[in-house]
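Data first, discussion second: the structure below is written as structure tokens.
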Amino acid sequence: VQLQASGGGLVQPGGSLRLSCAASGFALDLYSMGWFRQAPGKEREWVGCISSSDGGTYFNDSVKGRFTISKHNDKGMMYLQMNDLKSEDTAVYYCVTTYGGSWSLHCSSDIEDFGSWGQGTLVTVSS
């Protein structure tokens, strides 16, 4: 299983950025996928996830209404669209899947449910 996040960079407050996650080695339609982030000096935080049972998406309250997640199973890709970025969104963002963890189709905010992690991509929101 491989997960590779990309698309991070420097963006001004209020700006937008789209992160991509290239996934391989497992069937994307059989497992939930999501994003976590880790800001400097802080613990990893759940950002959101997309369920493979019904395509539903769920988000941390801190990003709800600003971030969206989409997935293209056939292309092996997941995306995190981030709008109206704030300085507190600065972090390394990781794409994850329940493959190797809970093995579930359903979304979760529990870090223990996600058994496969990508290497992370840095997002810096600053003027």
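This is a predicted model, so every value here is computed, not measured.
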Same cluster or not: are V1 and L30 linked, directly or through other Ile, Leu, Val, Met, Phe, Trp or Tyr residues, by side-chain heavy atoms under 4.5 angstrom apart?
yes
Can you check whether R37 reaches V63 side chain to side chain, under 4.5 Å on heavy atoms?
yes
Tell me the closest heavy-atom pair linking T97 and Y31, and the distance in Å.
OG1-CB, 3.6 Å
Taking atom CD of Q12 and atom OG of S127, what is their separation to the nearest 0.5 Å?
7.0 Å
For S109 and N60: C-alpha separation, side-chain torsions, deciding distance, then whether side-chain contact (heavy atoms from CB on, under 4.5 Å) applies.
CA-CA 8 Å; S109 60; N60 188 307; over 6 Å; no
Going from CG on D89 to CG on L17, what distance comes out if it is rounded to the nearest 0.5 angstrom?
10.5 Å
When you compare the side chains of S51 and S53, does any donor N or O come within less than 3.5 Å of an acceptor on the partner?
yes
Would K64 and D61 pass as an ion pair if we require N to O under 4.0 Å?
yes
Mind checking ring pair (Phe, Tyr, Trp, His ring centres under 6.0 Å) for Y94 and listing every partner two or more places apart, or none if nothing turns up?
W117
Apply ring-ring contact (aromatic ring centres under 6.0 Å, His included) to Y93 and F36, showing your working.
CA-CA 6 Å; Y93 284 72; F36 279 75; over 10 Å; no
For Q38, look at atom CD and say whether over 12 heavy atoms of other residues, nucleotides or ligands are found less than 6.0 Å away.
yes
Do L19 and M33 sit in the same hydrophobic cluster, where Ile, Leu, Val, Met, Phe, Trp and Tyr count as joined when their side-chain heavy atoms come under 4.5 Å apart?
yes
Less than 4.0 angstrom from a charged side-chain N to a carboxylate O is my criterion; do D29 and K71 meet it?
no
What orientation do Y99 and F26 show, parallel under 30°, tilted 30 to 60°, or perpendicular over 60°?
tilted
Between H106 and S32, do the side chains contain an N or O donor and an N or O acceptor separated by less than 3.5 Å?
no
Does E45 reach the side chain of S62, with side-chain heavy atoms less than 4.5 Å apart?
yes
Counting heavy atoms not belonging to D74, are there more than 12 under 6.0 Å from its CG?
no
Is there a path of hydrophobic side-chain contacts, each under 4.5 Å between heavy atoms, that joins I50 and W35?
yes
Between S16 and N83, what is the shortest heavy-atom contact and its length?
OG-OD1, 2.9 Å
Is there a chain of hydrophobic side chains (I, L, V, M, F, W, Y, each step under 4.5 Å between heavy atoms) that links V96 to I111?
yes
Could you report the tightest heavy-atom contact between L85 and R66, atom names first, then the distance?
CA-NH1, 3.9 Å
Test question: given the 4.5 Å side-chain rule for I, L, V, M, F, W and Y, name all other residues clustered with M77, or answer none.
Y79
Which atom of C95 lies closest to which atom of M78, heavy atoms considered:
CB-CE, 3.7 Å
Residue pair F114 / G34: nearest heavy atoms and the distance that separates them:
CE2-N, 4.4 Å
Search all heavy atoms of P13 against all heavy atoms of S126 and return the closest pair with its distance.
CD-C, 3.6 Å
With distance as the sole criterion, is a donor-acceptor pair present between the side chains of Q81 and R18 under 3.5 Å?
no
Connected via hydrophobic side-chain network under 4.5 Å: L10 and L80
no
Side chains of D110 and S108 only: does a donor on one sit below 3.5 Å from an acceptor on the other?
no
